[in-house]
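Data block below; observations after.
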Protein chains: 2
Amino acid sequence: MANDGQHLARLRDYYARHRVLPSYARIGALVGLNSKASVADLVLRLKAEGFVESTPDRRLKPGKRFFDRPLAESVRTGLPSPAADSSPEGLSIDEYLVAHPSKTVLITVKGDSMIDAGIHPGDVVIIEKRTSANIGDIVVAIIDNEFTLKRLHKERGRIVLKPENKAYPVIRPKGDLEIFGVVVGLFRKYR
Amino acid sequence: MANDGQHLARLRDYYARHRVLPSYARIGALVGLNSKASVADLVLRLKAEGFVESTPDRRLKPGKRFFDRPLAESVRTGLPSPAADSSPEGLSIDEYLVAHPSKTVLITVKGDSMIDAGIHPGDVVIIEKRTSANIGDIVVAIIDNEFTLKRLHKERGRIVLKPENKAYPVIRPKGDLEIFGVVVGLFRKYR
DNA sequence: TACGATAGCGAACGATCGTTCGCCGGTCAA
DNA sequence: TTGACCGGCGAACGATCGTTCGCTATCGTA
């Protein structure tokens with residue numbers, strides 16, 4: 001229906017507040033439908049467009065397009081917003097960055113050995129714990145009982161750890177290389 | 001109970017996958033409890049610690065501490081086995097980065113004019129909207145109807161915008177400088 | 001050994017869930 | 001003017017919801 005857009009907006013607001021989608025009855029109260037059957041129709045339409053989905057328990061969950069930007073803001077009184085599109089609006093930063101919470105750890109960066117990769121001291125890197133990684137990944141390895149942040153490279157068939165700062169040497173592990181996890185994200189706070 | 005930590009981890013993973021918390025019955029199947037009554041006890045304990053809450057419809061929703069992430073000390077050299085993380089020290093990424101949600105905007109960075117400040121194209125900067133800033137702040141200014149990310153400097157008594165990349169020129173605004181907001185944080189996702 | 005505390009189980013409860021159906025009142029093309 | 005179509009309504013359905021209760025098994029302390 002024509003109002004589906006507004007209804008979807010209400011749903012997004014509710015989700016932003018509670019991080020959960022409500023029952024059909026509450027959706028009805030929320031958007032102004034008096035019958036759960038009407039809500040069911042609405043949900044069916046939203047499902048068809050990919051805004052919501054169902055869990056196996058017949059609960060609603062956000063669909064792929066649920067977090068799409070509404071694009072309404074682009075008409076801002078001559079004020080352009082050309083730099084901002086496809087930013088993860090509606091999704092919290094945490095949810096955007098952390099895919100597997102139980103394997104995720106935050107580590108504060110010490111030192112500037114990766115500064116050419118844009119990783120500065122004081123930054124916090126988001127680590128997904130795992131014991132293997134691909135060439136080119138930035139990893140946290142355990143060298144001499146200490147955490148080390150470096151990029152994984154291959155050199156004459158051997159794995160090496162390359163800092164991204166010319167002032168630091170390449171690390172060529174003698175024995176096995178113990179990988180603690182892989183860097184999947186980063187954040188930084190200015191004060 | 002002692003396993004509550006693992007159970008919470010399962011819940012967080014489920015939420016990361018589905019963006020929704022499941023019913024008591026499914027939680028039981030998820031964490032290995034055969035009775036919904038046991039799940040109710042578990043939920044009660046998690047509620048007491050602020051990890052989950054209830055909506056008025058008696059559904060579960062994430063609580064304040066649900067999005068806390070363990071923060072590892074990079075100096076933890078002694079133990080090579082990081083399995084046991086019992087540290088109650090957690091950090092919520094959103095709360096850490098966003099102090100004033102209503103004044104905060106996210107902008108995806110285009111171009112490499114600030115790359116020496118560790119701000120790369122594709123990064124997302126966290127902007128606090130305000131019309132004034134201090135010397136030394138990284139700001140989003142409006143130049144020729146476009147957003148520009150630069151650092152604020154003073155040059156012979158006049159305000160200028162300095163890129164942090166030798167390949168770009170300093171911008172010396174002719175008239176007034178219109179400031180959109182100040183960069184208070186940044187995040188980046190690797191894939 | 002005896003005890004209270006605790007975690008989990010299994011069964012049962014009324015309430016609410018999402019779904020389905022038939023009906024109503026508009027809109028629009030024929 | 002008619003009639004098919006469509007969004008919404010209201011009632012009813014079985015299924016599942018979260019809650020509650022009493023019970024068992026295990027544990028540490030006395």
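To find a chain, count down the sequence lines: A is the first, B the second, and so on, and within it residues start at 1. The basis for the numbers below is simple: all heavy atoms, side chains too, and nothing from hydrogens, waters or symmetry mates.
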Send over the distance from A:Asn34 CG to C:dC23 P, rounded to a whole Å. 21 Å
For B:Glu128, look at atom CD and say whether over 12 heavy atoms of other residues, nucleotides or ligands are found less than 6.0 Å away. yes
From CG of A:Asn3 over to P of D:dC6, roughly how many Å is that when rounded to an integer? 17 Å
Where the side chain of B:Asp94 meets the backbone of A:Ile93, is there a donor-acceptor pair that is under 3.5 Å apart? yes
Base of D:dG10 paired with side chain of A:Ser35 (donor-acceptor, under 3.5 Å): yes
In whole angstroms, the gap separating C1' of C:dA15 from CZ of A:Arg26 amounts to 14 Å
Where the side chain of B:Arg58 is defined as all heavy atoms beyond and including C-beta, which of D:dG18, D:dC21, D:dT16 is the nearest nucleotide? D:dG18
Which nucleotide wins on minimum distance to the side chain of B:Ala37, given the candidates C:dC17, C:dC9, C:dC21? C:dC9
Would you say the side-chain atoms of B:Arg65 pair up with the backbone N or O of B:Glu49, donor to acceptor, closer than 3.5 Å? yes
Separation of A:Lys36 atom NZ from D:dC17 atom C1', in whole Å? 12 Å
Between A:Gly185 and B:Tyr190, the two heavy atoms sitting closest are N-CD1, 3.7 Å
Taking only side-chain nitrogens and oxygens of A:Arg59, does any of them come within less than 4.0 Å of OP1 or OP2 of D:dA15? no
Take atom CG of A:Asp41 and atom P of C:dC21, then tell me their distance rounded to the nearest Å. 13 Å
Within this structure, what is the OH-to-P distance between A:Tyr24 and D:dG8, rounded to whole angstrom? 15 Å
A:Leu60 CG to C:dT19 C1', straight-line distance once rounded to whole Å: 13 Å
Counting only heavy atoms not in A:Lys189, do more than 12 sit closer than 6.0 Å to its NZ atom? yes
From C-beta outward on B:Leu33, which listed nucleotide comes closest to its side chain: C:dT20, C:dC9, C:dC17? C:dC9
Just the rounded figure in Å: distance from P of D:dT19 to CD1 of B:Ile27. 10 Å
Does OP1 or OP2 of D:dC9 have a side-chain N or O of A:Ser38 closer than 4.0 Å? yes
